[in-house]
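Written out below as structure tokens is the structure these notes cover.
In listed order, ligands and their atoms are each counted from 1. Small disclaimer: the values here were computed from a predicted structure and weren't measured.
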Amino acid sequence: MEIKPFNQPPPELGNQYKDDRVLHSYLKRNIPADIFQQIEPSLTEMGELAGGELYEMQLADRLKEPVLTQWNAWGERIDHIEVSPLWKKAEELAVKYGLVAAAYEKKFDRYSRIYQFALSYLFHPSSDVYTCPLAMTDGAARTLLQSGNQELIDRAVPHLTSRAPQQSWTSGQWMTESTGGSDVGRSETIARQDQDGQWRLYGRKWFTSATSSQMALTLARPEGNGSGGKGLALFYVETRDSEGRLQNILVNRLKDKLGTRKVPTAELTLNGTPAQLVMGIANGVANIVPMLQMTRTWNSVMAAATMRRGIAIARDYARKREAFGAPLSRQPLHVETLAGLQAEFEASFHLSFYLVELIGREENSQISEEQVQILRLLTSIAKLTTGRQAVHVASEVLEAFGGAGYVEDTGLPLLLRDSQVLPIWEGTTNVLALDMLRALNKDNSALEAFIHEIEQRLKSVSHPKLKKAGKIALDAAEHVQQWLAGQKERKLFEAGARRTALTLGRALALTLLIDHAQWSLDNENDARALAAAKRFAMSGIDLIQDINFDEAFILANDQ
Ligand SMILES: Cc1cc2nc3c(=O)[nH]c(=O)nc-3n(C[C@H](O)[C@H](O)[C@H](O)COP(=O)(O)OP(=O)(O)OC[C@H]3O[C@@H](n4cnc5c(N)ncnc54)[C@H](O)[C@@H]3O)c2cc1C
């Protein structure tokens, strides 16, 4: 008798918009009804694509990676990068749905940003990180618009924000050199002016994602300028000439990376690349900040999106997979494990979309002075908090699949590999925590505004369990304030930066979750956000501890 082996039904995804209670509820609350009606059809379409065609393509195209061809058959250096089929599809969809354009068309006033990021959040987990060039494109458009350089605005912004496939451009952001991605002030790329006044760049850029972009914003040191970040200038580069040839740019190789393998991240040599100054001959590191603000915001939202995707497939699988006589979805400890992940996700969602909301307000001059202060801290805080959450959740998601989570052709390991980049690029956890400290140092009012926001939101909360959770959030934020005030030594202050930033991030995320849970109880008669808030409150909000630096030094250096 032939024995038919057991085959486990795989996890499946439905419409990723319709299935997302958290996104739905957030939009219902935060977008006026008439705008919601207008945007919902495209969100539904994107949800369908993300759970259907794109997801299937992603699984089927798993092994198709970008290919760099440096020479053609006749010996000419071409450095052509052929991206994966899914990336080509993703490019087409990104332009069609206006994943960058929607923010600049401003059809929905300050809600345009929420709309843009809701679409991108749905798109991201099925796009093989095509959101990387989109983030930089958005950042480049914003940087150029804020630069006041009308010539470059007229030249590039219509392309960066276009919905026409033939017109649309993406942008790169070439900052990191082998001397340092955090300390970019050490960059070695030189800018020299020809006799006719044309600037040309000479140097090597060590990590350049989306090298297939039409333009890039980059940093280089005009000859004669001093050292450090102030001596660098911000330059605009068009990668190809009118014949389509790379403009004195050599693609040395594509990086062989742990994850984001569909993103063509390259090492480049700039060998006299023509470039234009964006705004002045110095202060490049300061001038590229609008780019970083946008890419860090994308990073935060995409971290939340990645968590949501992992949980969606783990949840579906738990209903199908049986162990010890019951589906995993009924096994108390598995239920408990998934619940913790859902709470992390919901907190990360509200934190990232709060950042998006403030950017929308800022761009439409509907922002209060206090919100401006909060925004100064929030970009770093949200990016570093959600980046770490995403890695934790992705790792747990893989474990929730048992051995299948470790097997490549399930498509699951991708989740962890692609998450691991989130705390690294656009500023590591430590570097962003130090950025935040610098912002706090300059002016105490940012932290005061931050804590005031927490207090204000908690004031309208009436459910006793939410009030209790709210106290945890407020106590944690106030603990940060006290701890900072008590630090006299610079090194202790710095050594505590990560704990400080993560505590503020988790405290604000909890507050936003509580605020939304109260709304959801009152308006939707739904207690799920309440459950998420209660659970998140118990999962480590206050991370502040006194630091014994001498001991830390002994341990770190093992001496
Ligand atoms: C897949 C991928 C794509 C990328 N794409 C791009 C791109 O398109 N453009 C671009 O410009 N860059 C890109 N990067 C580079 C990325 O932004 C940098 O790798 C990152 O900023 C860190 O810089 P680094 O690698 O030089 O590490 P380092 O700066 O050497 O940092 C090493 C470690 O030291 C820590 N550290 C540094 N300074 C301090 C300090 N003062 N106190 C405490 N800790 C500190 C950091 O947190 C980190 O853990 C990409 C990276 C990856 C992985």
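Residue Val421 approaches ligand 1 through these ligand atoms, each under 4.0 Å from one of its heavy atoms: 1 (C), 53 (C). Heavy-atom contacts of Gly180 reach the following atoms of ligand 1: 26 (O) (cutoff under 4.0 Å). Near Lys257, with a cut-off below 4.0 Å to any heavy atom, the atoms of ligand 1 are 1 (C). Taking every non-hydrogen atom of Met175 and a distance limit under 4.0 Å, the qualifying atoms of ligand 1 come out as 10 (C), 11 (O). Those atoms of ligand 1 that come under 4.0 Å of a heavy atom in Asn430, given as number and element, are 43 (C), 44 (N), 47 (O). Atom numbering of ligand 1 starts at 1 in the shown order; those under 4.0 Å from a heavy atom of Thr260 are 1 (C).
Within the 4.0 Å cut-off (strictly below), a protein heavy atom is located near atom 47 (O) of ligand 1. Remark: atom 53 (C) of ligand 1 lies closer than 4.0 Å to at least one protein heavy atom. The protein does not reach atom 30 (O) of ligand 1 closely, with no heavy atom under 4.0 angstrom from it. By the definition of a contact as any protein heavy atom under 4.0 Å away, atom 33 (C) of ligand 1 is not in contact.
The shortest N or O to N or O distance between Glu494 and ligand 1 is not below 3.5 Å.
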Discussion item. Is there a salt bridge (charged side-chain N to carboxylate O under 4.0 Å, His left out) between Glu494 and Lys491? Walk through the geometry before answering.
Written reply: CA-CA 5 Å; Glu494 243 186 61; Lys491 68 180 176 200; over 6 Å; no
Item to complete: Evaluate salt bridge (charged side-chain N to carboxylate O under 4.0 Å, His left out) for Asp128 paired with Arg261, printing each intermediate quantity in order.
Response: CA-CA 8 Å; Asp128 276 340; Arg261 292 190 65 90; over 6 Å; no
Fill in: Stepwise salt bridge (charged side-chain N to carboxylate O under 4.0 Å, His left out) test for Arg142 and Glu362
CA-CA 12 Å; Arg142 189 170 156 100; Glu362 187 188 40; 2.8 Å; yes
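Looking only at protein heavy atoms, the nearest one to atom 2 (C) of ligand 1 is Trp425 CE3, 3.5 Å. Nearest protein heavy-atom contact of atom 26 (O) of ligand 1 is Gly181 N, 2.6 Å. Scanning all protein heavy atoms for the shortest distance to atom 20 (C) of ligand 1 gives Ile424 O, 3.7 Å. Summary of contacts: the protein heavy atom closest to atom 8 (O) of ligand 1 is Ser209 N, 2.7 Å. At the shortest separation from atom 13 (C) of ligand 1 among protein heavy atoms lies Phe207 CB, 3.3 Å. Counting only heavy atoms of the protein, atom 9 (N) of ligand 1 lies nearest to Gln173 O, 2.6 Å. Of the protein's heavy atoms, Val431 CG2, 4.0 Å lies nearest to atom 38 (N) of ligand 1. Atom 15 (C) of ligand 1 has Thr176 OG1, 3.2 Å as its closest protein atom, hydrogens excluded (heavy atom only).
The residue among Gly172, Ala266, Ser182 with a heavy atom at the shortest distance from atom 28 (P) of ligand 1 is Ser182. Selection from Thr295, Leu434, Thr428 by nearest heavy atom to atom 49 (O) of ligand 1 gives Thr428.
Residues Trp199 and Asp194 have side chains that never bring a donor and an acceptor to within less than 3.5 angstrom of each other. Using modelled atom types and a 3.5 Å distance limit, the side chains of Gln481 and Glu448 yield no donor-acceptor pair. Of the N and O atoms on the side chains of Thr208 and Lys205, not one donor lies less than 3.5 Å from an acceptor on the other residue.
Residues Phe349 and Tyr121 bring their aromatic ring centres within 6.0 Å.
Screening residues 286-308 for ring pair (Phe, Tyr, Trp, His ring centres under 6.0 Å) gives Phe117-Trp298 as the qualifying pairs, with residues at least two apart or on separate chains.
Separating the OG1 atom in Thr143 from the CD atom in Gln293 is a distance of 8.5 Å, to the nearest 0.5 Å. We find the CD1-CH2 distance between Ile288 and Trp174 to be 11.5 Å, quoted to the nearest 0.5 Å.
A cation-pi contact links Lys255 to Phe207, judged by a cut-off of 6.0 Å to the six-membered ring centre and 45° from its axis. The cationic atom of Arg113 (NZ for Lys, CZ for Arg) does not lie both less than 6.0 Å from the six-membered ring centre of Tyr354 and within 45° of the ring axis. The side-chain tip of Arg155 does not point at the ring of Tyr236 from less than 6.0 angstrom away and within 45° of straight on.
The closest approach between any non-hydrogen atom of Glu426 and ligand 1 is below 4.0 Å.
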